[in-house]
Amino acid sequence: MPDTPWPPGIEPVVPVPGYPNTWTHTPARAPFPRAAGATEAAAPTALHHKLPDGEANLAERTKGRPAIGQLMEISGRILDEDGRPVAGAIVELWQANAAGRYAHAIDTSAAPLDPNFEGHGRIRSDADGRYAFFTVKPGAYAVPVQETWWRPPHLHFSVFGPSCLSRLVTQMYFPGDPLNEIDRILQSIPDPAARERMVARMLPPSSVGSVHLGFVHDIVLRGRFATPEG
Amino acid sequence: MLPTSQQTIGPFFPRGFIGPADNDLTRISADATPTTQGEAIILRGTVTRVGGVPCVNAILEMWQADAAGRFNADPSFLGWGRTFTDAEGHYAFRTIIPGGFTDATGARAPHANITVMGAGLMRRVLTTVFFPGSDTAQDPVMAAVPTALRPLLVAEPARREKGVRCFRFDIRLRGENETPFFDL
C-alpha cells in the first residue's frame, strides 16, 4: 500500500516465483488509493450472531476420541498497533491434520484424513485480547504445482477486528522448521523481521507438562494509521 | 507495533465456516427475520482470473450501509455477508439497495464494498460495487478511478427472480476488463 507509515517489506511481494497461481490471480494494475470513510472505518457490531463461537478444541471434538498427532495448545493475544488488546475479535483457525491433509473436498492429496480431526474452529478473544485453541501440530505437504515445494507446518488465521481495515487473514509458522526457509509463501514477505513475527514461540515443555506442547503467537491488527482522523 | 503480514487464505477455507444465510446481508443470522427497510435485491457474479478462467472457492465478503445510508443502526440488518465461489466461479449475495450518505470523504453514492480472497491471491483485494441509476458523479471513490474504468464498478441489471430485482457484478482479478481494486 502506498503512503502507509509502515516500513516496506511487511506485505507479500507478488507474483511469487515458482508459484504460477500468483501470476494468474494477482491484479496487474496497482490498487487505487482512496480515503477511508465511514464504509471502511466501520464494521458490523453484531457479527457474532452470524459467526458464533464454535469449537476451541480441534484435537478432541468428541471426548475420548483424540485426533492423531502431536497435541498442542496455541494461544496468544490479538493486539492493535498501539499494543492494546483487542477484545471480542472473532478468531478463525483452520489447518491440515498431522498428515498434512485438509478436511476439504478440494484437497485431493493422498495423505489420509483423520475422522477425529476436521481442523477448524472459531472463538472470540477475551477482555485481554487472549485466544487459545487446542489442536494438533499440522503436517507439511507438497504443493501440487509443476515446480513443487513443501509447505512447512502452518496454521491459518482469519481475524475480524473492530473495523474493516483491521480484517486480517494470515498464517502462522513453527520455530526451527527447515521448510520455513524455502516456503514460497512465507518467503514472499521480504522483511526478515516481519517473517519472524509470523513464527510462533514454543513454551518450555517443562512449563507446559506431559500432555501437549505449547506455542504462543500474538497477532497485530492494523487500524490506527489507516483510520481517518476525527 | 507493526501489523502482522497478510498471507493467502489458500484454497482450503473450510466450508464449515460458512453458514446457510451467511451470504444474506439482510438478516443478522440464519434464523433472524430480514430487515423490512429497503428493497431486497440479489447480486450475482463470477470471479475469474487471466483468460476468464473461473476461480473456485474464492472467499468473498461484502459490507454496506442500510437503506438509510447508516451503519449498525437498523438492528435487523447486518450489512455483512460472506460466501464462496462454486465450481464455475459463481457467487451470490442477497442484500438491499443501500442508501447514500455523506462522510468526511464526501458524498458517497449507494455502494457496497467487496473483498476477495483466494488461492493465488497473496493479499486480499478490495473493490466497490455501485448500482445503475444512482448518481456516482460526486462519489470520491468512483472519482479515484479513471473515467474509462468506472463502468467496471457498476453492477448490471439482470433478470428478476421471483419478483426480486437482480444485478450482475463480475470480478476479474487479472486480465481483460480487470476490476479496479483499492488499497484499503
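Convention: sequence-line order gives letters A, B, ...; per-chain numbering from 1.
Looking at B:P180, both its backbone and its side chain come within 4.5 Å of chain A, counting heavy atoms on both sides. When heavy atoms are compared at a cutoff of 4.5 Å, A:V159 does not approach chain B at all. Heavy-atom distances place the backbone of B:A21, and not its side chain, under 4.5 Å from chain A. The parts of B:F13 that come within reach of chain A are both its backbone and its side chain, each placing non-hydrogen atoms under 4.5 angstrom from that chain. The contact between A:R29 and chain B is made by backbone and side chain atoms together, counting heavy-atom distances below 4.5 Å. With a 4.5 angstrom heavy-atom cutoff, B:R172 does not touch chain A via any of its atoms. Neither the backbone nor the side chain of B:A65 has a heavy atom closer than 4.5 Å to any heavy atom of chain A. If you measure heavy-atom distances from B:R124 to chain A, the contacts under 4.5 Å come from the side chain alone. When heavy atoms are compared at a cutoff of 4.5 Å, B:F182 approaches chain A by way of both its backbone and its side chain. At a 4.5 Å heavy-atom cutoff, the contact between B:T179 and chain A is made by backbone atoms alone. In this structure, the portion of B:L149 lying under 4.5 Å from any heavy atom of chain A is its side chain and not its backbone. For chain B, the nearby part of A:L93 is the backbone; its heavy atoms alone come within less than 4.5 Å. Interface residue A:S188: only side-chain heavy atoms are found under 4.5 Å from chain B. Heavy-atom distances place the side chain of A:L51, and not its backbone, under 4.5 Å from chain B. Using a 4.5 Å cut-off between heavy atoms, A:I189 contacts chain B through its side chain alone, with no backbone atom that close. With a 4.5 Å cut-off on non-hydrogen atoms, A:H104 touches chain B through its side chain but not through its backbone. There is no contact between B:Q64 and chain A, counting heavy-atom distances below 4.5 Å. For a residue to count as touching a neighbouring chain, one of its non-hydrogen atoms must lie under 4.5 Å from one of that chain's; by this rule A:D191 does not touch chain B. Of the atoms belonging to A:R195, not a single heavy atom falls under 4.5 Å from chain B.
Using a 4.5 Å cut-off on side-chain heavy atoms (C-beta onward), B:L126 and A:P31 make no contact. A:Y173 is listed as a side-chain neighbour of B:Q7, based on a closest heavy-atom distance under 4.5 Å. Put simply, the side chain of B:V47 reaches to within 4.5 Å of the side chain of B:L60, judged on heavy atoms. Proximity of B:E161 to B:R44: side-chain heavy atoms (C-beta onward) are separated by under 4.5 Å at one or more points. Between B:M117 and B:F84, the closest side-chain pair of non-hydrogen atoms is not below 4.5 Å.
Taking OG1 of A:T135 as the reference point, atom CD of A:E55 lies at 10.5 Å (rounded to 0.5 Å). Atoms OG and CZ, from A:S125 and A:R77 in turn, are 11.0 Å apart once rounded to the nearest 0.5 Å. Atom CG of B:D22 sits about 9.5 Å away from atom CZ of B:F93, to the nearest 0.5 Å.
Considering only heavy-atom pairs separated by less than 4.5 Å from chain A, the leading option among B:L121, B:I9, B:V50, B:T105 is B:I9. For the options A:I185, A:L79, A:V14, heavy-atom pairs under 4.5 Å to chain B are most numerous at A:I185. Most heavy-atom pairs under 4.5 Å with chain B: of the set A:R167, A:E118, A:E40, A:H156, this distinction falls to A:R167. Comparing B:R27, B:H111, B:R82 by heavy-atom pairs within less than 4.5 Å of chain A, the highest count is held by B:R82. Most heavy-atom pairs under 4.5 Å with chain B: of the set A:L168, A:L186, A:T39, this distinction falls to A:T39. For the set B:W80, B:W63, B:F71, the count of heavy-atom pairs under 4.5 angstrom toward chain A peaks at B:W63. Contact count against chain A (heavy-atom pairs under 4.5 Å) is highest for B:P14 among B:G79, B:A30, B:S29, B:P14. If you tally non-hydrogen atom pairs under 4.5 Å between each of A:G121, A:S166, A:A96 and chain B, the highest count goes to A:G121. Taking chain B as the reference chain and counting heavy-atom pairs below 4.5 Å, the highest number among A:H154, A:M198, A:E92 is found for A:E92. Interface check for chain B: of the options A:P12, A:A35, A:A194, A:P44, the most heavy-atom pairs under 4.5 Å are formed by A:P44.
A salt bridge between B:R165 and B:E39 is present, with a side-chain N of the basic residue lying under 4.0 Å from a carboxylate O of the acidic one. Salt-bridge check for A:E11 with B:R123: failed, with every basic side-chain N at 4.0 Å or more from each acidic carboxylate O. Electrostatic pairing of B:E178 and B:R49 does not count as a salt bridge here, judged by no charged N lying under 4.0 Å from a carboxylate O.
Of the possible polar contacts, one joining the B:N72 side chain to the A:A43 backbone as a donor-acceptor pair under 3.5 Å is found.
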